[in-house]
Amino acid sequence: MSPNIVVFFSDDHAQWALPSYGNSEIIAPALDYLAETGAQMNKAFTPCPVCSPARASFWTGLYPSQHGVHDHLAEDDAAVQATDWLADIPTLAERLQAAGYSTALCGKWHCGAGESPKSGFDYWYSAWRRTPKNFGRSNLYSDQGLMRSRRGQDTRIINEAALDFLRNRDTGKPFFLFVGYATTHNPWIDRAERLVAHYRHADFRDIPHDLPYPFGIFGDRPSPPADAHEARAQYYAAVSMIDEGVGALLDELDAQEASDNTLVVYTSDHGLNLGHHGIWGKGNGSQPLNMLDESIRVPLICKLPRVIPAGARRDEFLTHCDLFMTLLDFAGARPEDSSDYPGRSFRSLLQGEGADWPDCYFGEYGTTRVIRDRHYKLVKRYAGGENLLHDMLSDPRETVNLYEERAQQPIVKRLTRQLEAFFARYEKPSHSGLRGDDLPVHNRREAWRSVPAVPIDQALAPDSFGRRRAT
């Protein structure tokens, strides 16, 4: 029988913020256990360093310029919520359900209309509005489409739903469980005091004392906190809260004697700067948008006993599009025609085998695109703004721009050719992030809302997001 699949998909959990990736102060024994008993992918990246596009890429296996979601989808915007953004694209859940899996989502969806159960899911418990949920108020959850107001710790509420699914599932089928935690997302307040109190004694020595980012200014999501030490303590506590949730579900798998046949994956939608480079946020933490490593690198840990060697560490460049293909590979449900998919299965890597693997990463955020290999990173801002070339070996903090240097022009040209060839191969013109490339730099934050070239002050119809209007 195909293995069960559990995917923990956190929000804003940066790769640097885990002990197994080198953080010396965060306490996360469950995630340490996953890394010790599974494979850790050291060069895992998001296709886009902001929530909704990254999640849409995980669910579809496509880049934003293929699926058409280019920025976070505001959950309080009626036009956004009226649109089923992924309606015409087969999702991972739909493919797994068609392959005989019982399927469940518990937690954050953030690909539009989270209050409505989506095709491909047998069980739906979504954390809908106001992510993340804080202790001091009631918040809405969609329980199979029924709105429920719950008060308490969001991670615990999500876990209760996940446990309900695991304990009442059809045991004659393999299952797919997606657990979408959001507690690492800002605002960094009201986390479990018993954990925050511990981290208030931390010195946060793993966060570099960077000079302000020289190639952009602060964005507005979020602004720098008044008390940086407290915000970091809250964030570190959030990681430990997620770790407790992961541990509780691993315990349930053990209790059901299901662990040996369950592929467990831990990852996040994108990274985060917590004062790194003077930025508080992800790709939209600066203007113009950034593609800093802290924004684009994500944790990716995979465990499947007797299949994935324990303690393995891999250094191939991977994205969520590759994870999409890998999960379908394990399920025996890979698309017959995969020519439109930029990802490929890394199952052979997980099993300790070699592979002829691409040695670079491609990413995008609206009209900003990036290519990164083991030596250089090229950031192209097609809407205007400073293009960047960084030597990641000599300048890992990305402080020196080599883009205009004469000696570096062969490298700029080579990387530009690779970057443009990749998007020429895969992007869908009607959904391309470059459709808003006449927008001025100061309006880049809203470029996703103006994907067709329209005057900035023009009212936007729901279908101006680069996707068809829901009917």
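Quantities reported herein were computed from a predicted structural model and do not represent experimental measurements. Computed over heavy atoms, backbone and side chain alike; hydrogens, waters and symmetry mates excluded.
Here H67 and W59 keep their ring centres 6.0 angstrom or further from each other. The aromatic ring centroids of H13 and Y266 lie less than 6.0 Å from each other. The aromatic ring centres of F362 and Y63 sit 6.0 Å or more apart. Residues W85 and W109 place their aromatic rings such that the two centres sit no closer than 6.0 Å. Aromatic pair W280/Y235: ring centres not closer than 6.0 Å. Note: F58 and F9 meet the aromatic proximity criterion, with ring centroids under 6.0 Å apart.
Not a single ring-ring contact (aromatic ring centres under 6.0 Å, His included) links Y21 to another residue, sequence neighbours left out. Considering only residues two or more places apart in sequence or on other chains, D329 meets the side-chain hydrogen bond (donor to acceptor under 3.5 Å, both in side chains) condition with S345. For the salt bridge (Lys or Arg N to Asp or Glu O under 4.0 Å) test, residues two or more places apart in sequence or in another chain that qualify with K377 are D293, E398. When the ring-ring contact (aromatic ring centres under 6.0 Å, His included) test is applied to Y376, no partner is found at least two apart in sequence or on another chain. Residues forming a salt bridge (Lys or Arg N to Asp or Glu O under 4.0 Å) with R425 (at least two apart in sequence, or on another chain): none. By the ring-ring contact (aromatic ring centres under 6.0 Å, His included) test, H270 is found to be paired with no residue, residues two or more places apart in sequence or in another chain being considered. In terms of the side-chain hydrogen bond (donor to acceptor under 3.5 Å, both in side chains) criterion, R417 has no residue partners (sequence neighbours excluded). Applying the ring-ring contact (aromatic ring centres under 6.0 Å, His included) test to Y341 and every residue at least two apart in sequence or in another chain returns F324. Scored by the salt bridge (Lys or Arg N to Asp or Glu O under 4.0 Å) test, D243 finds no partners at all (sequence neighbours excluded). Under the side-chain hydrogen bond (donor to acceptor under 3.5 Å, both in side chains) criterion, R397 pairs with D210, H277, E294, sequence neighbours left out. Under the rule for a side-chain hydrogen bond (donor to acceptor under 3.5 Å, both in side chains), the partners of H375 that lie at least two apart in sequence or sit in another chain are D391. With sequence neighbours left out, R374 forms a salt bridge (Lys or Arg N to Asp or Glu O under 4.0 Å) with D359.
The only option from L318, T46, I301, L300 that meets the side chain to side chain contact (heavy atoms under 4.5 Å, CB included) definition with T267 turns out to be L300.
Note that R369 lies in the cation-pi zone of F423, set by a 6.0 Å cut-off to the ring centre and a 45° limit from the axis.
Taking 4.0 Å as the cut-off between side-chain N and carboxylate O, E316 and K43 do not count as a salt-bridged pair.
In terms of modelled atom types and a separation under 3.5 Å, the side chain of T155 and the main chain of I242 share no donor-acceptor contact. Side-chain atoms of R313 never come within 3.5 Å of backbone atoms of N42 as a donor-acceptor pair (strictly under, hydrogens ignored). The backbone N or O of Y426 lies less than 3.5 Å from no partner atom in the side chain of D340, so there is not a single donor-acceptor pair. Of the possible donor and acceptor atoms, none in the side chain of S10 sits under 3.5 Å from a partner among the backbone N and O of Y181. A donor-acceptor pair is defined here as one N or O able to donate and one able to accept, closer than 3.5 Å; such a pair exists between the side chain of S240 and the backbone of I27. Distance alone, capped at 3.5 Å, places no donor-acceptor pair between the Q351 side chain and the S348 backbone. Between the E25 side chain and the R205 main chain, a donor and an acceptor come within less than 3.5 Å of each other. Put simply, the side chain of T319 gets close to the backbone of C321: a donor and an acceptor are under 3.5 Å apart. In this structure, W188 contributes its side chain and E230 its backbone to no donor-acceptor pair below 3.5 Å. Between the side chain of S126 and the main chain of G114, a donor-acceptor pair closer than 3.5 Å is present.
Atom CG of L211 has 12 or fewer neighbouring heavy atoms from other residues, nucleotides or ligands inside a 6.0 Å radius. Few gaps surround CZ on R314; more than 12 heavy atoms of other groups in view lie less than 6.0 Å from it. For F204, the CZ atom sits in a packed shell: over 12 heavy atoms of surrounding residues, nucleotides or ligands are nearer than 6.0 Å.
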After noting the C-alpha distance and the side-chain angles of K303 and E36, does the key distance pass the salt bridge (charged side-chain N to carboxylate O under 4.0 Å, His left out) rule? CA-CA 9 Å; K303 174 183 178 289; E36 291 163 2; over 6 Å; no
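The shortest side-chain heavy-atom distance between F8 and L31 does not fall under the 4.5 Å cut-off.
Checking N273 against S295 by side-chain atom types alone, a donor-acceptor pair falls below 3.5 Å. Residues D12 and T184 bring no donor and acceptor atom of their side chains to less than 3.5 Å of each other.
Closest of all the heavy-atom pairs between C111 and R55 is SG-CB, 3.9 Å. Taking both residues in full, the closest heavy atoms of G22 and D206 are given as O-OD1, 3.9 Å, listed atom of the first, atom of the second, then distance.
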